[in-house]
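In the text below, chain A, chain B and the rest are named by the order of the sequence lines, each starting its count at 1.
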Protein chains: 2
Amino acid sequence: MGISDRKEREKLEMRKRIISAAMEMFIHDGFEKTSIRNIAEKIEYSPATIYLYYKDKDELLYEVQGVAFAQLLDAFMNDVEGTTPIERLEGLMRTYVNFGFKHPDLYDLMFIMRSPMRAVDDEWPNCDEAFRFLISTVEPCMELLRFSNISTAALSLWTFTHGLVSLHIRDRIMILGMDEEQTRALVNAAVDEYLQMIKK
Amino acid sequence: MGISDRKEREKLEMRKRIISAAMEMFIHDGFEKTSIRNIAEKIEYSPATIYLYYKDKDELLYEVQGVAFAQLLDAFMNDVEGTTPIERLEGLMRTYVNFGFKHPDLYDLMFIMRSPMRAVDDEWPNCDEAFRFLISTVEPCMELLRFSNISTAALSLWTFTHGLVSLHIRDRIMILGMDEEQTRALVNAAVDEYLQMIKK
DNA sequence: CAAATTTAATAAACACTGTTCATAAAATAA
DNA sequence: TTATTTTATGAACAGTGTTTATTAAATTTG
């Protein structure tokens with residue numbers, strides 16, 4: 001049936017129209033400050049229409065989260081290069097921090113925001129892939145690193161970079177009393193030092 | 001003037017009544033889910049009354065933040081013991097993580113929540129003290145640690161523990177697919193390993 | 001093609017939120 | 001006792017996410 005094909009295509013287009021507007025506004029103003037009414041206004045539809053395509057506001061977040069994780073994975077695959085495993089791991093860490101500093105609002109809704117987590121057993125699209133990228137980057141380094149196993153290794157590496165990015169995004173690093181530039185330099189220095197420490 | 005003394009006393013009592021209710025509800029339901037109307041209902045006053053004692057909802061948060069930082073400082077002073085500087089540093093790290101796991105909602109509004117940061121040049125009561133405790137605990141260890149200076153040292157130590165706590169509080173660690181108990185064990189293992197790595 | 005039916009879109013309402021302001025009540029001063 | 005200041009509140013404003021009954025459009029059927 002060509003007619004139901006078109007209908008489905010239109011449905012997908014509408015979902016895309018909604019999610020594009022939503023993502024743009026989430027990045028620009030943040031999730032909380034973006035209202036369903038604002039999104040509706042932007043795409044020139046009624047607020048109620050959005051609920052025909054998405055169950056609730058959280059579902060918009062899930063969708064944007066998926067896109068964001070895909071972007072992070074993209075950054076990993078494009079920017080992480082190097083001949084040795086260790087070089088690749090270092091690249092991964094720097095890419096992660098870079099991503100956080102470059103896209104604070106995306107990072108926020110991926111790793112900091114409350115609520116966006118679905119049920120535990122649910123699939124978390126693109127996030128698992130990004131995490132697996134981490135695992136597969138750490139794995140070949142394990143013999144050269146001081147971690148006792150890959151679980152603590154992955155968690156520790158993630159924790160360190162996430163700590164830096166999240167303290168920065170939520171404006172806590174400024175306790176140190178530095179300007180933006182100094183802060184960034186200090187963060188880079190911390191990453192460099194950490195990368196030294198984990199090596200055997 | 002005895003009469004204006006009493007008035008001031010009553011004003012303080014009222015502020016305390018409000019902030020106690022607020023804190024209790026922030027801890028129980030979180031900041032966002034606690035409404036001015038709920039707080040007002042709890043202390044059996046009209047919502048408008050609260051605005052006679054606090055400028056807005058954020059000011060309630062600032063106040064609770066102050067109390068929370070005082071509690072963290074308290075935990076530091078009570079639980080951090082040890083004869084050697086390194087032992088004290090290890091105690092500090094474990095106390096910090098413990099605090100975060102024990103009081104997730106307090107930790108949240110201290111280190112994760114958006115907006116609670118006042119102007120940069122403002123005083124941040126009790127937070128600075130807690131931070132200075134960190135500095136003064138790290139300082140005597142510096143010669144035994146692999147950090148190049150105390151700034152990166154303080155930031156790195158804080159970052160690592162904050163990373164662990166905040167990933168846990170915002171339900172991101174569960175990507176590892178572990179239960180609460182396993183997670184806590186892994187977190188402790190990560191802290192232990194990190195404490196080994198930073199030593200010369 | 002016209003009528004019946006399904007699909008899509010919306011206006012209006014509900015129950016909330018933080019916050020303000022004019023009004024009323026209580027406490028103090030004159 | 002009256003006048004004045006302080007304190008408390010009800011009602012309203014502008015906003016939020018979400019639901020529902022109603023209308024308009026598109027599709028299928030006779």
Give a yes or no on whether a salt bridge exists between A:D171 and B:R114, defined as a side-chain N under 4.0 angstrom from a carboxylate O.
-> no
Whole-Å distance between C:dT17 P and B:F31 CZ?
-> 13 Å
Phosphate-side-chain proximity, A:Y54 and D:dT18, N/O vs OP1/OP2 below 4.0 Å | no
For atom CD of A:E181, decide whether the heavy atoms of other residues, nucleotides or ligands shown that lie under 6.0 angstrom number more than 12.
-> no
A:S136: partners by side chain to side chain donor-acceptor pair (under 3.5 Å), with sequence neighbours left out = none
For A:A189, what residues pass the side chain to side chain contact (heavy atoms under 4.5 Å, CB included) criterion, not counting sequence neighbours?
-> B:T152
Interatomic distance, B:K33 NZ vs C:dC16 C1' [rounded to whole Å] = 14 Å
With sequence neighbours left out, write down each residue that passes salt bridge (charged side-chain N to carboxylate O under 4.0 Å, His left out) with A:E24, or none if nothing qualifies.
-> A:K42
Below 3.5 Å, does any donor atom in the side chain of B:R37 face an acceptor in the base of C:dG18, or the other way round?
-> yes
Are A:E10 and A:R17 close enough for a salt bridge, meaning some N to O gap below 4.0 Å?
-> no
May I ask you to list the residues of residues 39-51 of chain A, by number, that have any heavy atom positioned under 4.0 Å from an atom of DNA chain C?
-> A:Y45, A:S46, A:A48, A:T49
OP1 or OP2 of C:dC16 under 4.0 Å from side-chain N/O of B:N38 | no
Sequence neighbours left out, cut at 3.5 Å: what donor-acceptor pairs do the side chains of residues 77-89 of chain A make with other protein atoms?
unit_1, atom_1, unit_2, atom_2, d
A:N78, ND2, A:D74, O, 3.1
A:T83, OG1, A:E87, OE1, 3.4
A:T84, OG1, A:E87, N, 3.0
A:E87, OE1, A:T83, N, 3.1
A:R88, NH1, A:V80, O, 3.4

DNA chain D-proximal residues of residues 10-29 of chain B, any heavy atom under 4.0 Å = B:K11
Send over the distance from A:E8 CD to C:dT7 C1', rounded to a whole Å.
-> 15 Å
Is the charged tip of B:K102 near the ring of B:Y107: under 6.0 Å from the six-membered ring centre and within 45° of its axis?
-> no
Between D:dT19 atom P and A:L52 atom CG, what is the distance in whole Å?
-> 11 Å
